Structures are given as C-alpha cells and as structure tokens.
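Only a predicted model underlies this, so the values are computations on that prediction, with no experimental measurement involved. A note on names: the letters A, B, ... follow the listed sequences, proteins ahead of strands, and every chain is numbered from 1.
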Number of protein chains: 2
Amino acid sequence: MLDAVSLLNYKVNTVARSLKSKRTLSVGLIAPEIDNVFFMRVARGVEDRLGEEGYSMIVVNARESELREEAALELLLEKQVDGIIAIPSGSRGDHLALALQARVPLVLVDRLVENFTTDAVLVDNREATYRAITRLATGGHRSFGFIGGQPHIFTARERYQGFIQALRDQGIPPREEHLLFGDFHIESGYHLMKNLMEQPDPPRTVMIANYFMHIGVIRYISFQRGQIPPDLYLAAFDNMEFSAVSSVPSLSIAQPIDQIGRHAAERVLQRIQGDNENWPCIERLPTKEITYNDQHHHQP
Amino acid sequence: MLDAVSLLNYKVNTVARSLKSKRTLSVGLIAPEIDNVFFMRVARGVEDRLGEEGYSMIVVNARESELREEAALELLLEKQVDGIIAIPSGSRGDHLALALQARVPLVLVDRLVENFTTDAVLVDNREATYRAITRLATGGHRSFGFIGGQPHIFTARERYQGFIQALRDQGIPPREEHLLFGDFHIESGYHLMKNLMEQPDPPRTVMIANYFMHIGVIRYISFQRGQIPPDLYLAAFDNMEFSAVSSVPSLSIAQPIDQIGRHAAERVLQRIQGDNENWPCIERLPTKEITYNDQHHHQP
DNA sequence: CTGAAAGCGCTTACAG
DNA sequence: CTGAAAGCGCTTACAG
C-alpha cells in the first residue's frame with residue numbers, strides 16, 4: 001500500500017485535514033522587523049522547536065506598527081493558526097486580546113506590553129544591566145556614559161533603569177550630558193558616541209543599550225582611532241557577530257537568544273495541548289556577561 | 001450587516017475557503033540558514049511583496065541539508081502552498097522537481113543548481129567580481145589574495161572564477177599560497193586572513209568572497225592593528241551592517257538584496273496567476289561597487 | 001474488522 | 001435576485 005501511495009505520488013491535503021481536525025499545525029510569528037539578527041535568532045529557535053513537533057511557522061512583519069501588528073494578528077487568526085508568538089511593536093497591547101478571544105494561545109517575546117498580560121519569554125534587562133554596571137564600578141570604573149533607546153520601548157526602559165540604579169547604589173552621580181538616547185539603530189549609535197567623545201570631559205566607560213547602536217559605536221571608534229581616550233571601555237547589551245570586533249576592551253551582556261525562541265515555542269505548544277497551568281507565565285531567562293580584551297585593563 | 005459581522009467578531013475560516021478555492025494564499029520560503037542577515041533581507045523583500053497581494057509566507061529552515069530541503073518541500077506541498085521560493089542548500093536540484101510535478105511554481109534565489117532548471121533571481125557573481133578586481137588592478141593594485149568558499153557552493157564558484165579571470169586578463173599571475181578557501185563563516189575568515197598576513201610576503205589586496213568571512217577578516221585586523229601592511233586593501237562581496245566598519249580602505253560589491261527578495265516574490269506571483277511566459281527565467285540583478293576610506297589610496 | 005456516510009465551513013453553480 | 005444544495009478532501013463515528 002505504501003508503495004502504491006508513493007508510486008501515485010499521493011500527498012495528503014492538509015487543508016482538508018485541518019478543516020476537519022480544527023488544527024492547522026501552524027504557528028504565527030509576528031515581529032517588528034524581520035531583517036534583524038536578534039529577531040532571526042529568535043525565529044530560528046522557534047522554527048527549530050516547532051519543527052520537532054511537526055508545526056510550521058508563518059512569519060509576518062509588523063514593521064514597527066501596532067496597526068500592522070493588529071492586521072497581522074487578524075490574518076493569522078483567519079488562517080486558523082494554532083498559536084501565535086509575537087515580539088510586540090509598541091508598548092500597548094490592547095489589540096492583542098484578539099488572540100485570546102479567539103482562544104488562540106499567544107506568547108510574547110523580548111518585550112511586555114501595557115493593558116494586556118499573557119505568557120512571555122524574555123530576559124531581566126534591568127537586573128542584567130544592574131549587575132554589569134555594578135561589576136564595572138566595583139572594578140574601578142567611575143565615569144559612565146549611557147547610550148540608550150526611547151523610553152516607549154520596553155527593553156530600553158528596563159536597561160536604563162538598571163543602569164541608573166546601579167550608579168546610585170554605587171554612589172556615582174549620573175551626569176546628564178553623558179546620558180543620551182537614540183533609536184536603537186546603527187546611525188544613532190554612531191552619532192551619540194561622537195557626541196559623547198567630543199565633549200570636553202567624555203565618559204571613560206560607555207554602556208550601550210542595544211546591539212545595533214553598539215555597531216554604530218564600533219564604527220565611530222574604527223574611524224577615530226587615536227582620538228579616543230586610551231582608557232575607553234564599552235559595555236553593551238547583546239553579544240552577536242560584531243560584539244567581538246571592537247579593539248576597545250568591552251563587556252557584552254549576552255541573551256540566550258536561541259533559548260528564548262525555543263522556550264517561546266515550547267510554551268505555545270504547551271498551551272496548544274490545552275495545558276493552561278500557571279497562565280500567564282512570564283519566563284525570564286538568564287543572561288551572561290562576556291568580556292573582550294579585558295586582560296590588561298586597570299583594576300585598582 | 002458589516003456591523004453585525006464585526007459585532008459578532010466573525011472571522012472567515014480561510015481553511016474552508018482554501019479547500020474549496022484550491023488556493024491557500026500562502027508561499028513557502030526555504031533557506032539553508034535562517035539566522036543570517038543575507039537571508040533575512042531576502043525574506044523581508046519576499047514578505048513585503050507577498051503581503052501587498054494578501055499572501056503570507058511560511059518559513060522553513062533546511063539547515064544546509066538537501067535532505068531537509070526535500071522534507072521541507074514535501075511539507076509545503078502538503079500544506080498546499082501556492083508557490084515556493086528557495087535558496088538551495090546544495091548544488092544538486094533533482095529533488096526540487098517535486099514542486100513542479102505538483103504544479104506548484106518554484107523560484108530559486110541566490111544560487112542555481114545542477115540537473116534542475118526553473119525561474120531564479122540572483123546576481124552575476126562572476127561578472128561582479130571580475131569588474132571589481134579589474135577596476136582595482138587598473139587602479140594600480142598588483143598583489144592579490146583571495147579568501148573564498150568551497151567549490152560546491154554556487155556563489156563561491158562564480159566569485160572565484162571572476163577573480164581568477166580578472167587576474168589573467170590583467171596579466172597578474174595568481175600566487176597559489178594567496179588563494180585560500182574556507183566555509184563562508186566568520187571563524188574561517190579570521191583564520192584565513194591570519195594565514196595570509198603571517199606569510200613572508202602577504203598580499204596587499206585581499207578579495208573576500210562573502211560577508212561572514214569578511215566579518216572574520218575585520219575581526220582579525222582589529223586585533224592586529226599595527227602588524228598589518230599599511231597599504232592593505234580589502235575587497236568583499238556583499239555590503240551590510242559591518243562592511244563600513246573596517247578601518248582599512250575597502251571596496252564592497254553590494255547585491256540589491258531587498259530587490260532580490262521582491263523580484264523572487266513577483267516572479268512566483270506571476271506564475272501563480274498562471275502566466276508562464278518565458279519560463280524558466282533566470283533574472284540576474286545588477287550589483288554596485290561601494291568604496292570606504294578610499295580617498296587617500298595610491299593611484300599610480 | 002470493514003466500508004459507507006456525515007460533516008468540517010466555505011464557495012459556487014443552479015433552481016426557484 | 002435570493003436561497004438551498006452540492007462539493008472541496010479529509011476524519012471520525014457508526015452501521016453492517
């Protein structure tokens with residue numbers, strides 16, 4: 001029989017199957033930007049884990065718009081996906097309730113939103129930043145600058161809070177002209193670093209709140225060589241392809257990105273199975289600190 | 001009526017619709033690696049264009065395996081996708097015939113395969129490399145090294161051929177110890193560059209055949225500063241986030257990545273509409289050369 | 001254990 | 001023009 005089947009080149013029509021079974025074996029993934037290393041790593045983790053269970057992944061780009069995010073959600077619900085994983089585009093989540101109304105499990109990744117709670121997988125940005133800055137301050141760093149993101153972005157907020165709190169607890173007064181905020185993109189990192197370094201008394205240790213601004217900072221440094229303080233030190237959130245490139249000593253806060261994706265997939269699969277134990281479950285995965293070129297740095 | 005519909009929160013069930021209409025309004029995207037900037041840019045272009053026509057995109061990771069690629073294809077066909085876009089994982093394409101047998105249009109991206117022909121969208125790697133090297137040679141460069149990929153990869157082959165041909169036509173004999181081949185990943189670029197630079201007579205101009213090996217090269221340089229020839233010059237395929245970071249003057253061959261994705265989507269949509277004009281259509285999009293820090297470089 | 005029938009939620013061709 | 005019926009390709013509950 002199998003032979004006849006394969007000879008006839010028969011393929012089940014999963015559309016018909018889904019109509020009957022009410023399961024499509026597909027999960028939607030919505031993200032604010034899909035050509036972005038961080039997002040892709042998450043997507044890989046998600047696809048990996050889903051694939052193991054026979055599920056496939058429909059990717060929709062919300063292009064940083066809550067409106068498009070809502071449209072994406074509706075599209076996915078019409079497609080009868082069994083679950084949805086979303087990196088939210090904005091800070092509000094009212095429209096996300098659509099998924100739960102349709103009884104489709106929804107898991108958030110990387111960011112939490114206001115007015116709406118559901119399962120989520122992310123890291124503790126505040127705590128991770130706090131620990132890194134505290135470690136540096138304890139190691140003798142005293143002059144800190146900060147290159148952050150806009151406060152309406154959840155991760156930008158948490159990272160800034162951790163930074164400021166660490167300075168306070170270490171008795172280091174933050175200097176306003178050393179606290180700059182950009183848009184989490186490369187150019188912004190470049191210009192804010194330029195701004196910091198051109199100040200009469202630039203900070204010696206600069207914390208950069210995301211990977212893309214970190215790239216911008218590295219780009220600035222690679223053009224300015226010689227004109228930057230010899231004792232410059234960088235700390236940055238995320239650890240990816242380029243985190244190791246900088247010739248300036250640095251500390252990266254590494255998120256377990258693959259794990260974030262896999263855990264989000266795991267969670268959505270669990271909910272699809274109908275297991276609603278301790279919903280909503282906000283899972284914070286541990287970060288790691290990784291240092292580069294650190295060996296010769298002064299320790300008082 | 002619309003009010004009643006929206007009040008009742010009614011959503012069409014596209015599964016039922018698809019069963020009847022025989023169209024799922026979905027397209028599969030298969031790639032050898034999904035956490036990869038190049039691939040993501042392509043995916044963005046594809047998603048953009050598909051979204052404009054109401055199609056969505058199912059992403060499957062073949063993880064560089066022709067076997068998994070074939071499984072992905074079967075999965076997508078069972079899901080009744082209306083079309084498929086694939087970046088092939090290997091150099092053989094026999095198994096890809098499955099799609100056409102099932103009368104599902106298939107468009108290849110970035111690479112062509114043996115034993116199988118269908119629509120494709122890519123660049124002319126050979127020609128682009130040839131032009132860049134010829135331009136450099138004409139500008140006075142005489143000592144070339146090459147950091148390439150394995151010959152079973154289509155783009156690696158084309159880029160190497162263009163390089164060698166350009167040297168020949170410029171009367172520059174290639175030196176065997178300056179021609180090295182890696183695996184298109186970061187580490188490989190690092191080590192091959194190290195190998196080149198530690199030779200008694202290192203090449204002054206190094207052509208790097210892909211973006212990830214280029215990152216590895218930049219990483220090596222950023223660690224070795226001072227110990228590299230002052231007249232070192234880099235040429236590299238692809239132009240992305242980090243291409244601009246290098247402090248060494250360089251030339252990037254930029255592929256129109258978004259356009260590649262959009263054109264692939266356009267082609268698959270055309271075939272889905274039933275328009276089979278001039279199939280198979282191999283579309284080669286133009287590349288651009290972009291130079292960095294070039295202004296003070298010697299021109300004889 | 002086997003095989004015919006009903007039904008999933010749409011669309012479409014057709015009868016009234 | 002409107003409304004009931006058939007059918008898309010499966011699965012599943014049921015009759016034989």
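- Within 6.0 Å of the CD1 atom in B:Ile282, the count of heavy atoms belonging to other residues, nucleotides or ligands exceeds 12.
- The distance between atom CG of A:Leu19 and atom P of D:dT12, rounded to the nearest whole Å, is 12 Å.
- Salt-bridge formation is detected for the pair A:Arg262/A:Glu52: a Lys NZ or Arg NE/NH1/NH2 atom is positioned less than 4.0 Å from an Asp or Glu carboxylate oxygen.
- In this structure, the NZ atom of B:Lys22 is 13 Å from the P atom of C:dT12, given to the nearest Å.
- Under the Watson-Crick or G-U wobble criterion, with both distances below 3.5 Å, C:dG16 is paired with D:dC1.
- Atom-to-atom, CG of A:Asn13 to P of C:dG9 comes out at 17 Å; the value is rounded to the nearest Å.
- Put simply, B:Lys20 has no side-chain N or O that comes within less than 4.0 Å of OP1 or OP2 on C:dC8.
- Taking atom CD of residue B:Glu78 and atom P of nucleotide D:dC10, one finds them 10 Å apart after rounding to whole Å.
- Below 30°, between 30° and 60°, or above 60°: for A:Phe181 and A:Tyr160 the angle between ring planes is above 60°, a perpendicular geometry.
- For A:Arg17, the side-chain atoms get nearest to D:dC10 when compared with the rest of C:dC10, D:dG9, D:dC10.
- For A:Ala16, counting side-chain heavy atoms from C-beta on, the closest listed nucleotide (C:dG9, D:dT11, D:dG9) is D:dG9.
- Ion pairing between a basic and an acidic side chain is recognised when a charged N comes within 4.0 Å of a carboxylate O; A:Arg41 and A:Glu241 show such pairing.
- In the set D:dC8, D:dC10, C:dG9, the nucleotide with an atom closest to the side chain of A:Val12 is D:dC10.
- Rounded to whole Å, the distance from CZ on A:Arg23 to C1' on D:dT11 is 12 Å.
- Rounded to whole Å, atom P of D:dG9 lies 16 Å from atom NZ of A:Lys11.
- At the phosphate of C:dC10, OP1 or OP2 sits under 4.0 Å from a side-chain N or O atom of B:Tyr10.
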